[in-house]
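Worksheet for the structure shown next.
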Number of protein chains: 2
Amino acid sequence: MRLSKTSEYALRILSFMINSDVEIFSANYLIKTLNVPDKYLRRLMTNLSKKGFVKSVQGRDGGYTFAKNADSIYLSDIIDAVEGIDKYRGCILGFSSCSDDNPCALHNKYASIRDQLITFLSTTTISELKSNEALKF
Amino acid sequence: MRLSKTSEYALRILSFMINSDVEIFSANYLIKTLNVPDKYLRRLMTNLSKKGFVKSVQGRDGGYTFAKNADSIYLSDIIDAVEGIDKYRGCILGFSSCSDDNPCALHNKYASIRDQLITFLSTTTISELKSNEALKF
DNA sequence: TTTAAATGCTACACGCAAGTGGTATTTAAT
DNA sequence: ATTAAATACCACTTGCGTGTAGCATTTAAA
Ligand code: SF4
Ligand code: SF4
């Protein structure tokens, strides 16, 4: 929070894919279903493909599938791939020089929440996004 | 996290002010001390002044002071004033339609962290930024 | 009253994320 | 072979947060 729109899109797409039993997903299908802009989604998927998260199949009847098991893909992997995750590790005041040893009055409370977020993102996998409820995409 | 740079600047400035016993702060002084761009800081302070957080004194020997007691100014007030805080209340996937009642698999874990952040920001005041350690601005 | 030191205002420039357009390439069905 | 349906690529545009420039206004001191 606040993730970039690109990260949102990526997580939304992969979350949808893991919750569907379709075998291969065409860009057009994803675009219409998930309200992600046409060319933007294509570029994003090509990127995720190059990074090894999804596999793209060209030509007629082509589309995208997972390139590896979804329980080996962490949310932080995706975020890091599409926007970089380091900015979420930083200081809430934008400082880079100070440390845990010499914290300002904000640091302890803030760092705790920040660390929870990082831990959440880097321990939750795409397959954990599988829901037993009806999805509302 | 990630706050906008403008919010960072605002918090940094007010944090510096509450930790200093100077009575009035000129823009030039803040600019040099806090590494915030010249005109950008002035515009920001004028904005904070219009919103009632600081009071500006024009003319020679002018500058900025707190317009009200710093323990009545919450971090969320500042953030809301300069960039809007609603975006931090949203979904990590960018959805707006679903509720706590019908959550996706992410929601509970994520909402907990998000709520902690919101609570932290809306219960911590500027005066709590007062530090007994040497500051490193 | 002139000057200097301060804030206020407005318009413009820059950088990057987000979004668009057009064309090339791949592949299966006919 | 031709066609249709799909991805890949590249350049461009748009929107917005950030930063800059210049001038106007206010006020205290000399
Ligand atoms: S000590 Fe304060 S200023 Fe330094 S990183 Fe922590 S929150 Fe930021
Ligand atoms: S239920 Fe899931 S998609 Fe809906 S707001 Fe919560 S995290 Fe976002």
Side-chain angles (χ1 to χ4, degrees), chain A residues 2-13 17 22-67 79-88 94, chain B residues 2-13 17 22-67 79-88 94:
Chain A
R2 196 67 178 132
L3 297 186
S4 71
K5 259 182 178 294
T6 313
S7 287
E8 283 182 9
Y9 290 158
L11 293 179
R12 197 186 302 178
I13 292 162
M17 286 171 65
V22 174
E23 58 291 325
I24 191 165
F25 300 84
S26 78
N28 258 324
Y29 177 47
L30 295 172
I31 287 161
K32 286 171 186 158
T33 313
L34 298 177
N35 285 305
V36 177
D38 187 331
K39 294 301 174 62
Y40 206 73
L41 179 140
R42 294 174 187 279
R43 190 201 295 163
L44 172 56
M45 293 309 282
T46 301
N47 183 18
L48 291 177
S49 165
K50 285 182 175 168
K51 299 273 172 60
F53 298 112
V54 300
K55 187 175 56 178
S56 78
V57 178
Q58 287 198 1
R60 182 170 179 148
D61 297 343
Y64 305 97
T65 60
F66 281 103
I79 295 167
D80 200 34
V82 305
E83 64 163 321
I85 203 170
D86 282 348
K87 63 182 107 169
Y88 294 99
Chain B
R2 198 68 179 139
L3 298 187
S4 72
K5 257 182 179 293
T6 313
S7 286
E8 282 182 9
Y9 290 157
L11 293 179
R12 197 186 302 177
I13 292 163
M17 286 171 65
V22 175
E23 58 292 325
I24 190 165
F25 300 85
S26 78
N28 258 324
Y29 177 47
L30 295 172
I31 287 160
K32 285 171 186 159
T33 313
L34 298 176
N35 284 306
V36 178
D38 187 331
K39 295 300 175 59
Y40 205 72
L41 180 139
R42 294 174 189 279
R43 188 198 296 162
L44 172 56
M45 294 308 282
T46 300
N47 183 18
L48 291 178
S49 165
K50 285 181 174 169
K51 299 274 171 59
F53 299 111
V54 301
K55 186 175 56 177
S56 77
V57 178
Q58 285 199 3
R60 183 170 178 149
D61 296 343
Y64 306 97
T65 59
F66 281 103
I79 296 167
D80 200 34
V82 304
E83 65 162 320
I85 203 171
D86 282 348
K87 63 183 108 167
Y88 295 100

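Throughout, a chain's letter reflects where its sequence line sits, starting with A, and its residues are numbered from 1. All values below were derived from every heavy atom in this structure, side-chain atoms included, with hydrogens, water molecules and symmetry-related copies excluded.
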Inset, instruction - Treat primed atoms plus P, OP1 and OP2 as sugar-phosphate and everything else as base, then score nucleotides 15-20 of chain C 5' to 3': B for base contact with protein heavy atoms under 4.0 Å, S for sugar-phosphate contact only, - for none. - result: ---BBB
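- Residue pairs satisfying the salt bridge (charged side-chain N to carboxylate O under 4.0 Å, His left out) criterion with at least one member in residues 24-40 of chain B, sequence neighbours excluded, are listed as follows: B/D38-B/R42.
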Inset, instruction - With side chain to side chain contact (heavy atoms under 4.5 Å, CB included) as the test, would you mind laying out the steps for B/F25 and B/T33 before giving the verdict? - result: CA-CA 11 Å; B/F25 300 85; B/T33 313; over 6 Å; no
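- Atom pair B/R42:CZ and C/dA5:P shows a separation of 13 Å (rounding to whole Å applied).
- Contacts classified as salt bridge (charged side-chain N to carboxylate O under 4.0 Å, His left out) and involving residues 46-57 of chain B (residues at least two apart or in different chains) are not found.
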Inset, instruction - Kindly indicate, with the supporting measurements, whether the criterion salt bridge (charged side-chain N to carboxylate O under 4.0 Å, His left out) is fulfilled by B/R2 and B/E8. - result: CA-CA 9 Å; B/R2 198 68 179 139; B/E8 282 182 9; 3.3 Å; yes
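- What you find for B/L48 and B/A10 is that their closest heavy atoms are CD1-CB, 4.3 Å.
- Scanning DNA chain D 5' to 3' for nucleotides with an atom closer than 4.0 angstrom to a non-hydrogen atom of chain A gives a first and last hit of D/dA5 to D/dA11.
- Between B/A67 and B/V54, the closest heavy-atom pair is CB-C, 3.4 Å.
- Within a heavy-atom distance below 4.0 Å of DNA chain C, the residues of residues 48-58 of chain B found are B/K50, B/S56, B/V57, B/Q58.
- Here the shortest heavy-atom pairing between B/S7 and B/E83 reads OG-OE2, 2.9 Å.
- A 4.5 Å side-chain heavy-atom check between A/L30 and A/V36 finds every atom pair outside the cut-off.
- The ring pair (Phe, Tyr, Trp, His ring centres under 6.0 Å) check on B/Y64 picks up nothing, with sequence neighbours excluded.
- Across all strands, B/G59 comes closer than 4.0 Å to base atoms (heavy-atom distances).
- Atom C1' of nucleotide C/dT7 and atom CG of B/L30 are separated by 12 Å, given to the nearest angstrom.
- Where B/R60 and B/Y64 each meet DNA chain C at their nearest nucleotide, the meeting point lying more 5' is that of B/R60.
- Looking at heavy atoms from C-beta onward, A/Y88 lies in side-chain contact with A/L3 at the 4.5 angstrom threshold.
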